[in-house]
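All values below were derived from every heavy atom in this structure, side-chain atoms included, with hydrogens, water molecules and symmetry-related copies excluded. Residue indices begin at 1 and follow the sequence shown.
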Amino acid sequence: MNRILTIIIGSLIVSVAYNFFLIPHEILSSGLSGIAIMLGLITPINTGILNFVLNLPLLILGVFKLGKRFIFYTILSVVVISIGLYVVPIRQVSTEPILSSLFGGVLTGVGIGLIFRVSGSSGGFDILAMLLNQKKDFPLGAILSAMNAVVVLVSGFIFSWDAALNTMVAIYATGKVVDTIHTKHIKLTLMIVTNKGKEMKEKLLSSVYRGITLIEGEGAYSGENRKILMTVITRYQLTDVKSLIKDTDPDAFVNITETTEVMGSFHRN
């Protein structure tokens with residue numbers, strides 16, 4: 001219940017950031033939400049409706065391809081953001097575009113960071129990147145950056161290059177806040193040292209689509225035999241995996257490191 005409440009609060013913060021700071025100055029956010037804002041500005045259709053319609057195909061695909069809990073939280077977030085964009089009135093809080101892009105980006109980052117912390121996402125490019133990453137080990141960070149670059153370029157051509165630069169400021173601010181609240185890297189490597197290797201392996205295999213490498217270990221001080229499990233996950237799975245590890249073996253030693261690149265396949269056949 002706490003997770004659902006966190007997602008609702010985070011999604012409403014994103015909606016307020018868009019309607020109070022970004023949209024009044026023709027500043028776009030990252031991802032599909034940015035495209036929804038752009039279409040909402042140049043068409044009579046409400047941004048909330050556009051945000052839901054654009055996300056709908058990816059959400060349907062995610063139901064069949066991604067984890068049930070993750071996609072449920074993501075659907076909830078997309079619905080709340082879309083309703084918020086429809087209901088919350090558009091108000092110009094500041095007359096300065098650069099201040100609006102900065103504060104709008106920070107608020108958006110707070111909202112998205114809260115959603116990430118409970119193993120959800122705000123939809124859009126995050127879902128697309130995860131779907132691509134299930135097929136091959138695409139660099140998720142590069143994919144998301146390239147997609148956001150397209151949003152910035154489109155903003156420059158349709159509105160103005162000042163709007164495009166302000167969009168870059170908003171996207172940058174959002175990213176930095178998300179990094180602070182959750183984690184910077186999209187891929188993470190877990191090294192789990194545990195006395196309950198079999199139980200831990202079964203729990204992880206049932207919840208993550210990545211493969212797991214099992215290594216025999218020995219405590220240098222105690223001399224006890226232990227299992228070392230190594231796997232690579234995405235930041236969207238981090239909260240769930242940490243809870244799973246704690247429930248399976250509260251005494252497990254876990255080292256979580258940021259992963260910049262993965263060579264070879266960590267996928268299960």
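For D247, the CG atom sits in a packed shell: over 12 heavy atoms of surrounding residues, nucleotides or ligands are nearer than 6.0 Å. The number of heavy-atom neighbours closer than 6.0 Å to CZ of F52, taken from other residues, nucleotides and ligands shown, is 12 or below.
Taking CG of L76 as the reference point, atom CZ of R3 lies at 13.0 Å (rounded to 0.5 Å). Between the OG1 atom in T231 and the CG atom in L188 there is a gap of 11.0 Å [rounded to 0.5 Å]. Residue M200 holds its CE atom at 12.5 Å from CD1 of I228, rounded to the nearest 0.5 Å. Expressed to the nearest 0.5 Å, how far OG1 of T6 lies from CZ of R117 amounts to 9.5 Å. The CD1 atom of I212 sits 6.0 Å away from the CG atom of L229 when rounded to the nearest 0.5 Å.
Two residues are said to be in side-chain contact when any heavy atoms from C-beta on lie closer than 4.5 Å; S101 and F21 fail this criterion. At least one side-chain heavy atom of I233 sits under 4.5 Å from a side-chain heavy atom of L190. Between M38 and V154, some side-chain heavy-atom pair lies under the 4.5 Å cut-off. Proximity of K246 to K242: side-chain heavy atoms (C-beta onward) are nowhere separated by under 4.5 Å. No side-chain heavy atom of V53 sits less than 4.5 Å from a side-chain heavy atom of I45.
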Task: Candidate pair L85 and L50, rule side-chain contact (heavy atoms from CB on, under 4.5 Å), full reasoning - done: CA-CA 10 Å; L85 289 171; L50 289 166; over 6 Å; no

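Nearest heavy atoms, L39 versus L54: CD1-CD1, 4.3 Å. When all heavy atoms of P24 and R91 are compared, the pair lying nearest together is CG-O, 3.5 Å.
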Report, one line per pair, each donor and acceptor closer than 3.5 Å where one atom sits in a side chain of residues 166-173; sequence neighbours left out.
| unit_1 | atom_1 | unit_2 | atom_2 | d |
| --- | --- | --- | --- | --- |
| N166 | ND2 | D162 | O | 3.2 |
| T167 | OG1 | L28 | N | 3.1 |
| T167 | OG1 | A163 | O | 2.8 |

Only distances under 3.5 Å count here; give the side-chain donor-acceptor pairs of residues 102-115 to other protein atoms, sequence neighbours excluded, each with its distance to 0.1 Å.
| unit_1 | atom_1 | unit_2 | atom_2 | d |
| --- | --- | --- | --- | --- |
| T108 | OG1 | G104 | O | 2.7 |

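Connection of I98 to W161 is not established within any shared hydrophobic cluster, with ILVMFWY side chains joined at heavy-atom distances below 4.5 Å, either directly or through further cluster members. Residue V150 is not grouped with residue V152 when hydrophobic side chains (ILVMFWY) are merged at heavy-atom distances under 4.5 angstrom, including chains of intermediate members. Under the 4.5 Å side-chain heavy-atom criterion for grouping Ile, Leu, Val, Met, Phe, Trp and Tyr, I27 is not connected to F157 through any hydrophobic cluster. If you chain together hydrophobic residues whose side chains sit under 4.5 Å apart, L165 and L41 never meet in one group. Tracing side-chain contacts under 4.5 Å through hydrophobic residues (I, L, V, M, F, W, Y), one never reaches L153 starting from F159; they form parts of separate clusters.
In this structure, the side-chain hydrogen bond (donor to acceptor under 3.5 Å, both in side chains) partners of S11, at least two apart in sequence or on a different chain, are S77. By the salt bridge (charged side-chain N to carboxylate O under 4.0 Å, His left out) test, K203 pairs with no residue at all, sequence neighbours left out. Judged as a side-chain hydrogen bond (donor to acceptor under 3.5 Å, both in side chains), and not counting sequence neighbours, the contacts of T194 are D249.
The side-chain hydrogen bond (donor to acceptor under 3.5 Å, both in side chains) analysis of residues 20-43, with sequence neighbours excluded, yields the pairs Y18-S29, H25-S100, S33-N51.
N19 places a side-chain N or O within donor-acceptor distance of the main-chain N or O of V88, the cut-off being under 3.5 Å.
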